[in-house]
Amino acid sequence: MGEVIVITSGKGGVGKTTTTANIGTGLAALGYKVVMVDTDIGLRNLDVVMGLENRIVYDIVDVANGNCRLKQALIKDKRFENSFLLPAAQTKDKNAVSTSQMKELVGNLKQEFDYVIIDCPAGIEQGFKNAIAGAERAVVVTNPEVSAVRDADRIIGLLEAEQLHDPMLIINRLRPAMVKKGDMMNIFDSEDILAIKIIGVVPEDEAIVVSTNRGEPAVLDMTSKAGQAYRNIVKRISGEDVPLMNLEESDRFVDKLKKLIGIR
Amino acid sequence: MFDFINRMFGKESSNSKTVATERLRLVLVHDRANVSPHMLNALKEDLIRVISEYMEIDQAALEVNLNQEDNSVALVANIPVLKMKRNYASGAPSAAGGR
């Protein structure tokens with residue numbers, strides 16, 4: 001029996017889909033059998049971030065309506081054969097799947113996989129309610145800025161109300177240089193305000209743009225800082241105790257030189 | 001002008017992070033109170049229970065609100081007192097008991 005984890009945020013554009021792709025792929029790289037479910041019906045994106053957009057035949061609405069079997073809609077990842085994607089429908093809307101259909105679907109996936117990772121749409125409407133319906137744990141993604149943290153706080157309240165206690169916090173797009181200058185909230189500010197456990201900090205990293213361009217999750221990129229951050233998050237989710245990485249940019253010349261030639 | 005001088009010397013007060021956390025703190029006090037009007041109600045009931053041990057109050061006219069001013073949020077309660085209780089035994093735990 002696997003575990004169902006929903007990746008949510010409230011605010012759009014904070015990096016839910018990127019986080020889903022990286023956590024899912026990272027868990028698969030550790031050998032777990034993983035399925036990533038895109039519940040953002042009408043605005044599907046997880047397929048593109050994963051680089052699997054050309055393989056879609058059936059989608060989550062087809063499965064919910066019985067147009068195909070669950071197995072037919074699952075797309076096998078190119079990189080790992082223990083990793084699958086259940087894509088969202090692009091032409092329907094967020095009410096195309098009901099909460100009870102979603103629960104049943106997730107229940108079935110749980111039998112087959114070690115981890116079911118659900119990519120939640122932005123907002124707090126039906127799509128959000130469906131996405132969290134079958135979940136057992138929740139990851140809240142936020143950025144270190146007022147609007148994103150405010151929405152995260154609202155989401156944490158709504159998760160509580162649905163009995164999804166103790167969500168895990170990921171702070172995405174942190175810029176260490178700005179934190180150092182005092183122009184960006186640091187990890188402790190966000191953690192203190194939201195009062196939930198932090199499981200990872202992902203620095204703003206150009207490597208994410210490159211990896212999304214290519215459809216290759218950054219978690220597999222051994223040289224990027226964001227990739228390292230995601231690998232740590234994955235380990236924490238699977239139960240390993242890993243300290244938060246130090247994101248401080250070193251001012252030492254030797255370190256800059258090392259970075260330049262790729263030794264870390 | 002002071003802001004500019006502060007900024008030149010890198011004083012704490014000009015950090016936009018400090019501004020952000022402060023704004024966030026205030027907005028969340030309000031968000032959380034709005035999300036749960038039943039929280040204010042529960043607080044109201046608790047207040048009535050505690051205060052009633054000491055004095056008789058007009059429960060129907062009791063008002064509890066969160067008031068926001070420029071950079072602070074205050075809990076403001078308006079509690080009309082009808083009668084003081086004479087037989088309050090100082091020091092001894094009240095008969096009504098707490099939770």
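Atoms considered below: every heavy atom in the structure, side chains included; atoms not considered: hydrogens, waters and symmetry mates. Letters A, B, ... mirror the listed sequences (proteins, then strands); counts begin at 1.
Atom-to-atom distance recorded for B/T21:OG1 and A/D192:CG is 9.5 Å, nearest 0.5 angstrom. Rounding to the nearest 0.5 Å gives a distance of 10.5 Å between CG of B/N15 and CE of A/M178. Taking CG from A/D189 and CG from B/L24, the interatomic distance works out to 9.5 Å, rounded to the nearest 0.5 Å.
Not a single side-chain hydrogen bond (donor to acceptor under 3.5 Å, both in side chains) links A/D151 to another residue, sequence neighbours left out. Remark: B/Q59 engages no residue in a side-chain hydrogen bond (donor to acceptor under 3.5 Å, both in side chains) (not counting sequence neighbours). Among residues two or more places apart in sequence or in another chain, the side-chain hydrogen bond (donor to acceptor under 3.5 Å, both in side chains) test is passed with A/E206 by none.
Taking 4.0 Å as the cut-off between side-chain N and carboxylate O, A/R150 and B/D31 count as a salt-bridged pair.
Counting heavy atoms from C-beta on, the side chains of B/K17 and A/M185 come closer than 4.5 Å.
Between the side chains of B/S16 and A/D183, at least one donor N or O sits under 3.5 Å from an acceptor N or O.
When the shell of 6.0 Å around CZ of A/R236 is examined, it contains more than 12 heavy atoms from other residues, nucleotides or ligands. Within a 6.0 Å radius of CG in A/D166, other residues, nucleotides and ligands contribute 12 heavy atoms or fewer.
When the heavy atoms of residues 121-149 of chain A are compared with those of chain B, the residues falling under 4.5 Å are A/V146, A/V149, listed by number.
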